[in-house]
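Reading through the structure tokens given below for one structure.
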There are 2 protein chains.
Amino acid sequence: MDNQRKKLIGIDIGGTFVKFALMDMTGTIEKNWMIPTDISEKGKHIPAALCTSIRAEIAKDQLADVLGIGIGVPGPISPDGTTVVRAVNLDWEQVPLKEIIQQKLGIGVVLLNDANAAALGEMWKGAAQGKENLLFVTLGTGVGGGIVLNGEVLNGCHSAGGEIGHIPVRSAENRLCGCGGRNCLETFASATGLVLTMREKLKNAEEPWAEMAPQDIFKAVKDKNPYAQATLEEFTDILGQALAGIMNTIDVEEVIIGGGLSEAGDDLLEPLKKKMETYVFPQIKQHFSVKKAQLGNKAGIYGAAYVYLTSKKEAAHSIK
Amino acid sequence: MDNQRKKLIGIDIGGTFVKFALMDMTGTIEKNWMIPTDISEKGKHIPAALCTSIRAEIAKDQLADVLGIGIGVPGPISPDGTTVVRAVNLDWEQVPLKEIIQQKLGIGVVLLNDANAAALGEMWKGAAQGKENLLFVTLGTGVGGGIVLNGEVLNGCHSAGGEIGHIPVRSAENRLCGCGGRNCLETFASATGLVLTMREKLKNAEEPWAEMAPQDIFKAVKDKNPYAQATLEEFTDILGQALAGIMNTIDVEEVIIGGGLSEAGDDLLEPLKKKMETYVFPQIKQHFSVKKAQLGNKAGIYGAAYVYLTSKKEAAHSIK
């Protein structure tokens with residue numbers, strides 16, 4: 001196969017859409033598209049739909065140039081890389097996706113968790129370009145994380161590497177997390193957690209509560225609303241302290257913040273970085289950066305394609 | 001050089017003694033000895049003393065069989081592996097130890113932090129044999145840590161990998177840490193922290209305080225002293241929660257507890273493991289073990305010798 005013509009496919013399976021991209025080896029997207037995610041019958045039609053869509057969108061001779069496919073999925077991947085252990089949004093349990101797609105298309109497949117894919121994507125083409133050691137944090141409905149060390153994702157022995165949303169926070173509160181735990185980081189540091197903290201501050205002050213979104217809270221901070229200010233202070237203190245603890249453990253050089261809350265930009269990132277500076281180990285202080293993610297919902301397809309490149313064994317195996 | 005005859009030297013530089021071991025490639029110690037650590041004049045005599053001792057203890061023809069030397073030091077190593085950034089107990093700042101020893105002896109040298117050396121030692125010859133992903137925690141005067149992922153130490157971008165003693169703990173207390181921070185994990189989860197917690201419990205209850213050592217507290221727990229019980233409860237809760245947060249981040253399979261407090265054995269390890277089970281992410285729960293370190297103060301020399309084996313570039317370079 002002519003090296004110049006080699007291609008990669010990156011796929012990001014979400015609960016609503018499956019996103020695809022065909023790109024060259026340097027990450028230039030030649031074509032991208034998406035299909036709705038069919039989660040009926042325990043999501044059993046997804047793998048076939050994915051292959052059908054690839055065959056429909058990519059001409060046969062072009063498909064022959066595809067070196068490999070990386071697939072990001074919203075759930076943990078077995079440590080051997082073959083199976084989606086569980087993906088609640090797809091209604092999947094133990095789906096051997098790697099083998100299914102490889103057999104249907106005759107192309108090598110690498111699976112990874114979607115937060116890990118986004119971390120790699122930001123490293124390859126986004127905010128962390130040129131870095132090999134980073135922590136990607138997604139602050140959305142929940143809190144997710146992806147850790148890259150020496151250019152490779154830390155998947156962990158039980159596929160729980162980077163599950164930083166479930167770091168327990170010492171608190172007098174009793175916030176129930178979706179994982180069954182109490183006071184997990186994501187019960188405080190997600191969009192949901194932010195709103196809940198604001199509501200509790202108002203309630204404690206016997207102030208009226210009107211339904212509000214995170215952006216309303218950031219706006220209220222600018223308007224010097226004391227409850228919003230106290231909410232952001234608590235939010236960044238809890239998150240900054242947890243991230244500092246992670247830095248003291250894995251000591252990466254870059255923290256990338258993605259997810260819906262990152263849209264607040266410096267209104268969030270500046271106070272967060274200050275808190276982290278307060279809490280990190282002296283030899284790290286002032287030697288790391290905190291940046292907003294750049295690729296938005298494209299991070300996953302970039303990272304999925306890229307992981308194929310880094311899984312050298314696979315690549316060697318697939319080059320015919 | 002005949003492969004069977006190849007040897008390794010492991011060295012562990014401590015604030016009081018420098019420990020040495022000559023071993024074969026399988027880790028069987030053929031000779032071990034130690035010398036006092038001369039920290040006068042900013043510890044500048046240490047490197048020469050170390051080489052003199054090696055030449056005095058190992059015959060010339062035997063020294064020719066030494067493939068490499070690993071040295072564990074009580075401080076951070078520069079990310080490029082050449083320099084001891086700082087070692088408070090030796091009064092060292094920026095000592096290019098690798099080059100000094102290599103030049104004096106003509107043998108390849110690898111440096112690593114002493115907690116990282118102990119982690120590798122326990123993996124090679126101690127409690128974590130057969131594992132490649134582990135967290136080593138040392139509970140002594142302070143709290144240290146070493147993380148091994150896929151058989152290799154995580155040193156970090158600023159030599160702060162595994163500095164888990166400085167993970168900040170959310171607390172209403174205000175315990176000053178040696179690093180300058182407040183409420184670092186080691187202010188609660190070290191021997192010093194344990195005693196301080198007991199003292200505060202007695203003080204709050206207006207009970208008399210008599211100077212006591214950690215082992216007195218463990219004995220008082222057995223005697224059902226309520227203050228000692230509450231102290232151990234708080235100690236294991238804070239430490240167990242922090243370790244669970246680490247597990248949710250790096251997801252290793254084994255936690256090895258060393259240092260003076262580990263002498264309490266199951267009196268400490270059982271309640272600690274229970275706390276960790278409470279706080280870890282569901283998919284890790286019941287899939288990790290917490291064990292007492294086995295090698296005591298020999299872990300460092302084993303790990304120092306072993307790191308030479310794993311630093312393949314170095315090994316290739318040194319084989320003449």
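Chain naming here is simple, since letters A, B, ... match the order of the sequence lines and numbering starts at 1 in each. Scope of the values below: all heavy atoms of this structure, side chains included, with no hydrogens, waters or symmetry mates.
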So which bits of residues 246-253 of chain A come within less than 4.5 Å of chain B, counting non-hydrogen atoms only?
A:Ile246, A:Asn248, A:Thr249, A:Ile250, A:Asp251, A:Val252, A:Glu253
Residues of residues 76-90 of chain A with any heavy atom under 4.5 Å of a heavy atom in chain B
A:Pro76, A:Arg86
Leading residue by heavy atom contact count with chain A [cutoff under 4.5 Å; candidates B:Gly161, B:Gly245, B:Pro168]:
B:Pro168
Leading residue by heavy atom contact count with chain A [cutoff under 4.5 Å; candidates B:Glu132, B:His158, B:Arg182]
B:His158
Please state whether the side chain, the backbone, both or neither of A:Ile147 comes within less than 4.5 Å of a heavy atom of chain B.
side chain
Residues of residues 272-288 of chain B contacting chain A, heavy-atom criterion under 4.5 Å, by residue number:
B:Tyr279, B:Phe281, B:Pro282, B:Gln283, B:Ile284, B:His287
Can you measure from CG (A:Leu149) to CD (B:Glu152) and round to the nearest 0.5 angstrom?
11.5 Å
Among B:Asn150, B:Asn133, B:Ile167, B:Asn155, who wins on heavy-atom pairs under 4.5 Å with chain A?
B:Ile167
Just checking heavy atoms, which of residues 229-238 of chain A are less than 4.5 Å from chain B?
A:Asp237, A:Ile238
Max heavy-atom pair count under 4.5 Å with chain B, selected residue of A:Ser159, A:Gly180, A:Ala172:
A:Ser159
Closest non-hydrogen contact found for B:Val169 with A:Gln241 is O-NE2, 3.9 Å
